[in-house]
Student: 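This is the structure I have questions about; it appears just below.
Every heavy atom of this structure was used, including side-chain atoms; hydrogens, water molecules and symmetry mates were not. Model, not experiment: these values are computed from the prediction. Count residues from 1 along the sequence.
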Amino acid sequence: MNIGILGCGAFGIALAHILNRNGCSIDMWTHNCEEKEILDKKRISSKLKDYKIPKDIRFTCDLEEAVKGKDLIVMAVPAFAFEEVCVQLTRFIKKKQPVLIATKGIQQNTCLFLNEVFMKYLKNSYAVISGPTFAVDIIKSVPIAFTLATKSTKTELLVRRCFENDVTKFRRSRDIVGIEICGSIKNVMAIASGMLDGMGASDSTRSLFLTESMNDIKELINALGGRKKSILSYAGFGDILMTCTSPNSRNFSFGYLIGKGAKQKEVDEYLANTTVEGMYTLKSIHKLVRKKKVKMPIINLIHDIIMGRKDKEELLKFLISK
């Protein structure tokens, strides 16, 4: 199978690892030609330093080259760049080419989920994947699982054919809305969970937070037209548990800095050198719940703490008063 992966971040490279292990032919696209040259020459990414990229994974900064003749297109670009790449794709992609959306997030200016942004410009069949899968674990070829959300059985089977193997599994869902919500908001909850850890909160307190978070997310899914049971999927409980408890999570680590009272310079340096998707999504989800008139005070509180309007200690008080 011929696969084009758009985005050369850690997750994109990790997905390429699975595909390469399964014998697929892979072209990876980056908008940055300097990055392309480094990846070609060194075969190591600064975003995944412990992984030697196989020589038969090709890199390009030509989007047409990455898309032409591919059986499947995988979108793994950052959320903030997602719409721009969709627009560029309209010039090269064929209607028969299915797309796998591996990016998580909500667009800030429109509050659209990424599958909705995709559908604004492209009519291709698509699927969304989300689940408890750190890139650093994927490249170790350990057992992992994804929720695969799509309305197309043909696309589901193609994704399975490309990715499934003895350590990688999928569980299908038709609830694209619910899976998109889970995949997006868990990064925001991970920031708050990291704050609690940075403040020295007990395991009991953090478990209280995770339970309350899951209940709030379940109600948000329902309010936005998804299925409540999606909270129990790999994209829901699985990813929330992983992202909200592990220091390998960039969002958790960022929250930890806030919680321990790190100086602003240290926080700014972390943000400058690390992609913290939860920060982008926080602004989007905060705007979305207000726009849709959904009651989700935990989002408002996290937003106010990050913006410096409230003290982080308010998070502890909120958990009991909620």
Student: Look at the side-chain heavy atoms of Ile, Leu, Val, Met, Phe, Trp and Tyr, link any pair under 4.5 Å apart, and say whether Phe209 and Leu257 land in one connected group.
Tutor: yes

Student: May I ask you to decide if Met1's main-chain N or O and Asp71's side chain share a donor-acceptor pair within less than 3.5 Å?
Tutor: no

Student: Under 4.5 Å between any side-chain heavy atoms of Leu72 and Val99, yes or no?
Tutor: no

Student: Would you confirm whether Asn222, through its side chain, and Lys218, through its main-chain N or O, come within 3.5 Å as a donor-acceptor pair?
Tutor: no

Student: Would a distance-only check, ignoring hydrogens and angles, find a side-chain to backbone donor-acceptor pair under 3.5 Å from Lys95 to Leu122?
Tutor: no

Student: Hey, what do you get for NZ (Lys186) to SG (Cys182), rounding to the nearest 0.5 Å?
Tutor: 10.5 Å

Student: Does His31, at its NE2 atom, have more than 12 non-hydrogen atoms belonging to other residues, nucleotides or ligands within less than 6.0 Å?
Tutor: no

Student: Salt bridge or not for Glu266 and Lys260, using N-O below 4.0 Å?
Tutor: yes

Student: If you look at every heavy atom in Met242 and Gly131, which pair is closest and at what distance?
Tutor: CE-O, 4.5 Å

Student: How about Cys162 and Cys24, are their SG atoms within less than 2.5 Å of each other?
Tutor: no

Student: Given side chains that start at C-beta, do those of Val77 and Trp29 come closer than 4.5 Å, heavy atoms only?
Tutor: yes

Student: Could you check if a side-chain atom of Arg227 sits within less than 4.5 angstrom of a side-chain atom of Arg174, using non-hydrogen atoms only?
Tutor: yes

Student: Hey, does the side chain of Ser233 reach the backbone of Ala235 with a donor-acceptor pair shorter than 3.5 angstrom?
Tutor: yes

Student: How close do Ile302 and Ala192 get, heavy atom to heavy atom, and via which atoms?
Tutor: CD1-CB, 3.6 Å

Student: Salt-bridged, Asp304 to Arg309, with N to O below 4.0 Å?
Tutor: yes

Student: Checking side chain to side chain contact (heavy atoms under 4.5 Å, CB included) for the pair Ile299/Met189: CA distance, chi angles, key distance, verdict?
Tutor: CA-CA 9 Å; Ile299 291 297; Met189 296 307 182; 4.3 Å; yes

Student: Does the distance from a Lys or Arg side-chain N to an Asp or Glu carboxylate O, for Lys120 and Glu83, drop under 4.0 Å?
Tutor: yes

Student: CZ of Phe118 to NZ of Lys123: how many Å apart, nearest 0.5 Å?
Tutor: 10.0 Å

Student: What are the two closest heavy atoms between Ile26 and Asn20, and how far apart are they?
Tutor: CD1-N, 3.4 Å

Student: If you round to the nearest 0.5 Å, how far is OH of Tyr280 from CD of Gln108?
Tutor: 5.0 Å

Student: Please tell me whether Thr30 and Glu35 have a donor and an acceptor in their side chains that are separated by less than 3.5 angstrom.
Tutor: yes

Student: Taking NZ, NE, NH1 and NH2 as the nitrogens, is one of them in Arg250 or Glu277 under 4.0 Å from a carboxylate oxygen of the other?
Tutor: no

Student: With no hydrogens and no angle check, do the side chains of Asp239 and Tyr234 hold a donor and an acceptor under 3.5 Å apart?
Tutor: no

Student: Taking atom CG of Asp166 as the centre, does the number of heavy atoms from other residues, nucleotides or ligands within less than 6.0 Å exceed 12?
Tutor: yes

Student: Can Arg206 and Asp203 be counted as an ion pair, charged N to O under 4.0 angstrom?
Tutor: yes

Student: For Pro132 and Gly238, work out which heavy atoms get closest and say how close.
Tutor: CB-O, 3.3 Å

Student: Let me confirm one number: the CG-CD1 distance from Asn22 to Ile3, rounded to the nearest 0.5 Å.
Tutor: 9.5 Å

Student: According to the interplanar angle, ranging from 0 to 90°, do the rings of Tyr51 and His17 count as parallel (below 30°), tilted (30 to 60°) or perpendicular (above 60°)?
Tutor: perpendicular

Student: Within the 3.5 Å criterion, strictly below it, is a donor on Thr147 or Arg172 matched to an acceptor on the partner's side chain?
Tutor: no

Student: Could you walk me through whether Glu64 and Lys68 satisfy the salt bridge (Lys or Arg N to Asp or Glu O under 4.0 Å) test, starting with their C-alpha distance in whole Å, then the side-chain angles of each, then the deciding distance to 0.1 Å, before giving a yes or no?
Tutor: CA-CA 6 Å; Glu64 182 176 13; Lys68 187 175 181 180; 5.4 Å; no

Student: Would you kindly confirm whether Leu148 and Ile221 end up in one hydrophobic cluster when ILVMFWY residues are joined by side chain heavy atoms under 4.5 Å apart?
Tutor: no

Student: Between Ile106 and Leu288, is there a side-chain heavy-atom distance shorter than 4.5 Å?
Tutor: yes

Student: Would you say Met119 and Tyr126 make side-chain contact, with heavy atoms under 4.5 Å?
Tutor: yes

Student: Working to the nearest 0.5 angstrom, can you tell me the gap between Cys8 SG and Ile57 CD1?
Tutor: 10.0 Å

Student: Okay, side chain of Thr274, backbone of Leu271: is any donor-acceptor separation there less than 3.5 Å?
Tutor: no

Student: Heavy atoms, side chains only, cut-off 4.5 Å: are Asn300 and His303 in contact?
Tutor: no

Student: Under a 3.5 Å threshold, yes or no: a donor from one side chain and an acceptor from the other, between Thr243 and Ser249?
Tutor: no

Student: Hey, are Thr60 and Asp27 close enough side-chain-wise for a donor-acceptor pair under 3.5 Å?
Tutor: no

Student: Which atoms form the tightest heavy-atom contact between Thr281 and Gly105, and what is the distance?
Tutor: OG1-CA, 3.9 Å

Student: With a 3.5 Å cut-off and no angle check, do the side chains of Thr168 and Asn165 form a donor-acceptor pair?
Tutor: yes

Student: Where is the tightest heavy-atom contact between Asp175 and Gly226, given as atom of each residue plus distance?
Tutor: OD1-CA, 3.4 Å

Student: If you draw a 6.0 Å radius around CZ in Arg43, do more than 12 non-hydrogen atoms from other residues or ligands fall strictly inside?
Tutor: yes

Student: Can a donor-acceptor pair be found between the side chains of Glu156 and Thr153 at a distance below 3.5 Å?
Tutor: no

Student: Begin with the C-alpha distance, continue with both residues' side-chain angles, and end with the deciding distance and a verdict on side chain to side chain contact (heavy atoms under 4.5 Å, CB included) for Met307 and Lys283.
Tutor: CA-CA 10 Å; Met307 294 298 119; Lys283 296 174 183 178; 4.3 Å; yes

Student: Can any side-chain N or O of Ser193 pair as donor or acceptor with the backbone N or O of Cys244 at less than 3.5 Å?
Tutor: yes

Student: Between CD of Gln88 and CG of Leu63, what distance do you get to the nearest 0.5 Å?
Tutor: 6.0 Å

Student: Is it the case that one hydrophobic cluster holds both Leu100 and Tyr121, taking links as side-chain heavy atoms less than 4.5 Å apart, direct or via other members?
Tutor: no

Student: Kindly work out whether a path of hydrophobic side-chain contacts (I/L/V/M/F/W/Y, heavy atoms less than 4.5 Å apart) joins Tyr270 to Phe252.
Tutor: no

Student: Please walk me through it: do Ile144 and Ile18 pass side chain to side chain contact (heavy atoms under 4.5 Å, CB included)?
Tutor: CA-CA 11 Å; Ile144 58 167; Ile18 300 175; 4.0 Å; yes

Student: Would a hydrophobic clustering, with Ile, Leu, Val, Met, Phe, Trp and Tyr connected at side-chain separations under 4.5 Å, put Ile5 with Ile93?
Tutor: no

Student: Quick one: are Ile13 and Lys47 in side-chain contact, heavy atoms under 4.5 Å?
Tutor: no

Student: As a quick check of understanding, evaluate side chain to side chain contact (heavy atoms under 4.5 Å, CB included) for Glu219 and Lys228, giving each step before the final call.
Tutor: CA-CA 7 Å; Glu219 295 307 317; Lys228 286 185 177 183; 3.5 Å; yes

Student: Check whether any side-chain N or O of Asp137 sits under 3.5 Å from a backbone N or O of Thr133 as a donor-acceptor pair, and report yes or no.
Tutor: no

Student: Could you walk me through whether Thr155 and Thr150 pass the side chain to side chain donor-acceptor pair (under 3.5 Å) check?
Tutor: CA-CA 7 Å; Thr155 299; Thr150 182; 4.8 Å; no

Student: Taking the side chain as every heavy atom from C-beta outward, state whether Phe170 and Val159 have any atom pair closer than 4.5 Å.
Tutor: yes

